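Notes follow once the structure below has been shown.
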Number of protein chains: 4
Amino acid sequence: MSRKKTIDEAQLFQETEKLIMESGYAEFHFKALAERLGVARSTIYNYYPNKEELITSYMVRLLERAVENMDEAFEAEYPVKQLISVWSRYANMHQMLQIMPYINQKATPKVEENIRVMYTLFGEMKSKIHHVLKKEQESGRIREDIHMATMTGLLMATVQVPVHHNSLGQWVDEVYELVMNGCKG
Amino acid sequence: MSRKKTIDEAQLFQETEKLIMESGYAEFHFKALAERLGVARSTIYNYYPNKEELITSYMVRLLERAVENMDEAFEAEYPVKQLISVWSRYANMHQMLQIMPYINQKATPKVEENIRVMYTLFGEMKSKIHHVLKKEQESGRIREDIHMATMTGLLMATVQVPVHHNSLGQWVDEVYELVMNGCKG
Amino acid sequence: MSRKKTIDEAQLFQETEKLIMESGYAEFHFKALAERLGVARSTIYNYYPNKEELITSYMVRLLERAVENMDEAFEAEYPVKQLISVWSRYANMHQMLQIMPYINQKATPKVEENIRVMYTLFGEMKSKIHHVLKKEQESGRIREDIHMATMTGLLMATVQVPVHHNSLGQWVDEVYELVMNGCKG
Amino acid sequence: MSRKKTIDEAQLFQETEKLIMESGYAEFHFKALAERLGVARSTIYNYYPNKEELITSYMVRLLERAVENMDEAFEAEYPVKQLISVWSRYANMHQMLQIMPYINQKATPKVEENIRVMYTLFGEMKSKIHHVLKKEQESGRIREDIHMATMTGLLMATVQVPVHHNSLGQWVDEVYELVMNGCKG
DNA sequence: CATGAATGAGGCTTCATTCAT
DNA sequence: GATGAATGAAGCCTCATTCAT
């Protein structure tokens, strides 16, 4: 009946991510996006009515997946290590979240909703980490004399530790080792 | 007619920082800045020829101070703790550095130079941390089986750990404790 | 996939009128029209090649009917009253004509023709009113010391008098009374 | 101190009026306006933040003047004639008011306020006409058997009667004669 | 015919920046 | 130096319209 699509949401999200990771949010326009996708700028408006909705929709999806993946930690042998591992796979998510203050959060109702959803997901995420740590405390594998919030914070901050080594696996090993046993010689 | 209001660099930097900390780089315009300073927009151009130069100059100065302060760590009793402490006082610097990708880095030669200087300063900073850690390793207070870069990274990442507790002092204590001895129970 | 909804000119005109009466010409898009008709926007192009042709065609038809109805006045007992009565039934036409300045009159040859036809019909209309008044003058029921154009104009302007009372009939009675005998006490 | 202005509000209003009278509201853009004024489009934004504010501000001023002028009628020898006369001088106002439905009335708070003010002024206007008619009724110069609203409406509608004759004075004479004494022969 | 997809033209706005005083 | 005025570049967005299926 109608022409076949030349782009789809997957491509849209993919280029959105690439664009932001490469050049930051300041360079994220529909103009640039359209150029990369090889379509007219207005075409994108047939998919998303403005850039805020596109980017927040993308971020929601990203967060959703991360939250799901986090469940792996519950069944893993070394839950904390698993957390770090999952978390590291979402390094880009961390960067994406960093741009949230730059988003015009009142653009449209849909945007506001997306933002709300993101906060909810973010809360879930923290809560899952919390649960994992709590369980570990109960089995005596994690100390109890430090505020949970600090430990959670440290764990989440590890995503910022640069990956200098051969493999992500090695990175995870080292970071896990440090987080668990500290730097002391 | 004209009130002949005068501004100086100190005010300029101060409002620049406030503006960015409050609303992020996206809200950092000469328009907004001029309003806060109570001068005409064009007046700012008598001091800085464009916004990139202003902001990068400000950041250079900030970094310089931080690098200087870092030297305290060399003489401290607990050098690593001191590092964390200094570092935490520059939380805003961390946020400022985060906006670097949003800056049009090719604006003018002066901007490019500022960026270069910043990278140099950043290198110095890492190097100082490196030295501190190295010295600690030599005196056996820090382990040697983990890549230095990972430890440095973790240390620098701690600035992201949120401060939930009463005092910054307590925060430093807890983070230091975790960094040194880990989470293990 | 496609529901194969069909539309006809009658629906098209009906929704056109409703749309314009409710929201004015500024809100008259094929986008809105298509939504109300429950068809794809592009479907309308199978009937009318652009919005100017659609709207001018609609207006031509409206005017044609009004002109026809005006003939009733010739046979009526009180021709002037009949005129006012017919005229009042075309209040919406009056509103439609008001949007003419907003139409891009050079859109297509067909549009230009429609506009021409409208002017012709409008002329006919005036001429019919003129004839009615003339005949009334001849039978001495209407004064002769006022320019015919002014009287015609006043008659046509009455359509703007708001209808505050119970019935349209009452409105016609009052306006007719005023037009014939004036406000004088 | 600063450059001298190349345009002022008066010119802005004047061209606004001309533009709308000539081409209708659809052709009223800052682009067209800027061309006529011989300035850059963005310059106009230094005066009015959007077209709705400009146009509604203009209309408010127009209405204000009309309302003021209406007071002449109270002191005039033939108040109703005076009303028609004043009213006719504001023929353009009538056209301007016609475009109100096309204005995006929620553009900004200022626009909303302007609209409110306009309604207030419009109410004042009707009320003044009402008073004049009432006073005339009391002195027996105007009939009492017709709804006031209808007479007010007719009076206000006269602005639509086209001016075919030499002078506006003549037009006023004829229309006044008709309004007072009617068409009857 | 009906449709959904793509597009271009055109209008809206915001700011950084330049300039005359 | 300080200022207010003007401007251009750049991004946003909406529709009418075309086109392949």
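These numbers were taken from a predicted model, which means no experiment stands behind them. Numbers restart at 1 for each chain; the letters A, B, ... are given by sequence-line order, proteins then strands.
Rounding to whole angstrom units, CZ of residue D:Phe30 and C1' of F:dG8 are separated by 17 Å. As rounded to whole Å, 5 Å separates atom C1' of F:dC19 from atom CZ of A:Arg3. Spacing between atom CG of D:Leu12 and atom P of F:dA5 amounts to 13 Å, rounded to whole angstrom units. Whole-Å rounding puts the A:Lys5 NZ to E:dG4 C1' distance at 9 Å. D:Asp8 places its CG atom 10 Å from the P atom of F:dA6, with the value rounded to the nearest Å.
Within a 6.0 Å sphere centred on CZ of B:Arg36, other residues, nucleotides and ligands contribute more than 12 heavy atoms. Atom OH of B:Tyr47 is surrounded by more than 12 heavy atoms from other residues, nucleotides or ligands within 6.0 Å.
Ranked by how close their nearest DNA chain F nucleotide is to the 5' end, D:Ile7 and C:His29 are led by D:Ile7. Between D:Thr6 and A:Phe28, the residue anchored nearer the 5' end of DNA chain F, judged by the nucleotide with its closest heavy atom, is D:Thr6.
Not less than 6.0 angstrom separates the ring centroid of D:Tyr48 from the ring centroid of D:Phe30.
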## Note on the structure
Applying the Watson-Crick and G-U criteria (both distances under 3.5 angstrom) with [ ] for crossing and | for other-strand pairs, one obtains for DNA chain E .||||||||||||||||||||

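Looking only at distances, a side-chain donor or acceptor of A:Ser57 sits under 3.5 Å from a matching main-chain atom of A:Glu53. No donor-acceptor distance shorter than 3.5 angstrom exists from the side chain of A:Tyr58 to the backbone of A:Gln14, with no hydrogens or angles considered.
Across all non-hydrogen atoms, the minimal contact from B:Tyr25 to B:Glu52 is OH-OE2, 4.4 Å.
The pair C:Lys18-C:Glu15 meets the salt-bridge criterion, since a charged nitrogen lies less than 4.0 angstrom from a carboxylate oxygen.
A heavy atom closer than 4.0 Å to some atom of DNA chain F occurs in D:Val39, D:Ala40, D:Ser42, D:Thr43, D:Asn46, D:Tyr47, these being the qualifying members of residues 31-61 of chain D.
The distance from atom CD1 of D:Ile44 to atom NE2 of D:His29, rounded to the nearest 0.5 Å, is 12.0 Å.
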